[in-house]
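Take a look at the structure below.
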Amino acid sequence: MKHPLRSLATRCAHAGSSDAPASENPPFHQAIAQSSLFRLGTSADAEAIFSGERPGHAYSRFGNPTVDQLANTLADLEGGSGALITSSGNAAILCAVTAAMAGRSGPLVTHPGIYGGSFELLKLLSEVYQLQVQSVDPGNSEQWNQSLTSAAAVLLETPSNPLMGLIDIAETVTRAQAGGASVIVDNTVATPYNQQPFKWGADWIIHSTSKFLNGHSDLIGGCVIKREPLTARDRAIHKNLGGTVNAMEAWLAHRGIRTFALRMQQHNLNGQAVFEWLQQRPEVATVHYPGFRDAHQIQIRDKQMTHPGALLSFELKGGLEAASRFLDRLKLIVHAVSLGGMESLATRPAGSSHRGMTPDARQVAGIPDGLIRLSVGTEDISDILEDLAQALETSP
Ligand SMILES: *Cc1c(COP(=O)(O)O)cnc(C)c1O
């Protein structure tokens with residue numbers, strides 16, 4: 001944490017700059033350490049580096065100066081003590097779940113609203129390694145609270161994807177921690193601009209940096225951030241699972257983060273405007289946006305989010321057929337998976353991100369085949385609304 005008192009926008013604008021003294025005439029941006037290995041020096045130097053007596057690097061899977069710098073920036077943005085950089089959001093979930101469950105017994109408790117890729121990963125881990133996974137609806141508070149008490153660890157996603165359901169982080173943390181379980185929050189959709197889970201006591205935060213944090217839809221990456229200092233075991237898990245990144249990838253993610261706060265201001269304005277516009281349209285049956293379902297959801301949003309954000313989903317009165325027609329008619333908005341890019345993106349979760357779920361599991365999660373998810377970009381709002389309007393038109 002360089003200057004925790006400076007605002008997030010200021011810290012983003014300066015992210016990735018070199019710490020070297022100005023008298024050394026350093027480049028403003030730290031040089032990219034694109035190397036798999038580092039000279040160890042004398043045997044005594046090597047001993048000092050490997051024993052941890054002196055900071056240093058040996059091999060880039062274990063650590064790399066460019067990657068370390070990205071870790072510092074991400075830990076700082078979330079207010080954590082340390083971060084581990086991973087090759088994808090899924091690798092971050094694997095790493096965080098492994099670290100949070102190490103030495104614990106009992107199930108990993110999660111809920112049906114987690115990202116489709118996370119659902120597939122946990123299913124795989126339970127089939128291959130017999131990881132116990134318990135997926136409970138947080139709306140069923142009695143069962144949810146009971147599971148939290150006996151959990152080995154908890155994985156939360158709020159807002160949930162794609163239905164934008166909210167879970168009270170502070171309440172979940174209090175119950176989980178009473179039973180000794182750590183809580184991992186996937187903060188990819190909310191981003192640290194709109195929600196700071198460590199404020200509410202979460203132990204771990206994971207991100208897919210492929211989304212809003214990088215923001216340019218040009219790389220895949222992730223990170224695991226810890227509220228408490230990282231232990232030697234946490235670092236050993238990260239290094240041995242192997243989902244680490246090259247310096248160039250870390251540098252690119254860092255470059256994206258420099259405009260993160262600026263982009264989020266526009267994403268938030270556009271997200272709110274699209275939500276309000278869709279609600280007025282006669283073709284639209286339901287719009288899902290954080291904190292708009294009922295009084296309890298509004299209360300959670302007002303407590304833990306500074307803004308509902310730029311991701312929403314909606315159903316058309318014409319169902320699947322109308323949804324396919326809408327996607328086929330889009331001209332500006334891109335029919336593609338993923339979210340958080342500067343370009344607006346539309347997808348049909350049942351046919352893409354949530355395809356790995358069985359139709360039954362999708363029904364439990366409440367994802368109809370005609371649901372459309374929209375990641376509202378940073379384009380001029382009138383262009384976004386014009387495209388939505390022409391795509392919704394029923395005459396050819
Ligand atoms: C995309 C995403 C992930 C997975 O990230 P990848 O970078 O694609 O591996 C995890 N959680 C959420 C909420 C996501 O949107």
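Ligands are counted one by one from 1 in listed order, and the atoms in each one are counted from 1 as well. The structure displayed is predicted, hence computed values, not measured ones.
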- Message: Distance under 4.0 Å to a non-hydrogen atom of Gly221: what atoms of ligand 1 satisfy this?
- Response: 7 (O)
- Give the contacting part of Ile114 toward ligand 1: side chain, backbone, both or neither, where contact means a heavy-atom distance below 4.0 Å. neither
- Do Tyr193 and Phe212 have ring centroids that are under 6.0 Å from one another? no
- N/O to N/O below 3.5 Å, does that happen between Ile93 and ligand 1? no
- Note on the structure: shortest atom 14 (C) of ligand 1-to-protein heavy-atom contact is with Lys211 NZ, 3.0 Å
- Item | Residue, atom name and distance, where the atom is the protein heavy atom closest to atom 4 (C) of ligand 1 | Tyr115 CE2, 3.4 Å
- Can Asp387 and Gln390 be said to form a side-chain hydrogen bond (donor to acceptor under 3.5 Å, both in side chains), step by step? CA-CA 5 Å; Asp387 197 36; Gln390 69 78 25; 2.8 Å; yes
- Query: Can Gly340 be said to touch ligand 1, with heavy atoms closer than 4.0 Å?
  - Reply: no
- Query: Between Glu171 and Arg175, is there a salt bridge with N-O shorter than 4.0 Å?
  - Reply: no
- atom 5 (O) of ligand 1: which of Gly243, Ser338, Ser208 has the nearest heavy atom? Ser208
- Message: Which heavy atom of Asn268 sits nearest to which heavy atom of Ala310, and what is that distance?
- Response: OD1-N, 4.4 Å
- Query: What protein heavy atom sits nearest atom 6 (P) of ligand 1, and how far off is it?
  - Reply: Gly89 N, 3.3 Å
- Task: Between Ser88 and ligand 1, find which residue part has any heavy-atom pair under 4.0 Å and reply side chain, backbone, both or neither.
- Result: both
- Query: Can you find a side-chain donor-acceptor pair between Thr188 and Asp186 that sits under 3.5 Å?
  - Reply: yes
- Rounded to the nearest 0.5 Å, how far apart are CE of Met305 and CD of Gln195? 5.0 Å
- Task: Output the list of atoms in ligand 1 that are nearer than 4.0 Å to some heavy atom of Leu339, sorted by atom number.
- Result: 15 (O)
- So is there a nitrogen or oxygen of Asp186 less than 3.5 Å from a nitrogen or oxygen in ligand 1? yes
- Item | Interfacing atoms of ligand 1 (cut-off 4.0 Å, heavy-atom, Ser210) | 7 (O)
- Query: Do Leu311 and Arg373 touch side chain to side chain, with heavy atoms closer than 4.5 Å?
  - Reply: yes
- Given salt bridge (charged side-chain N to carboxylate O under 4.0 Å, His left out), test Asp369 with Arg348 step by step and report yes or no. CA-CA 8 Å; Asp369 285 349; Arg348 194 171 61 79; 5.0 Å; no
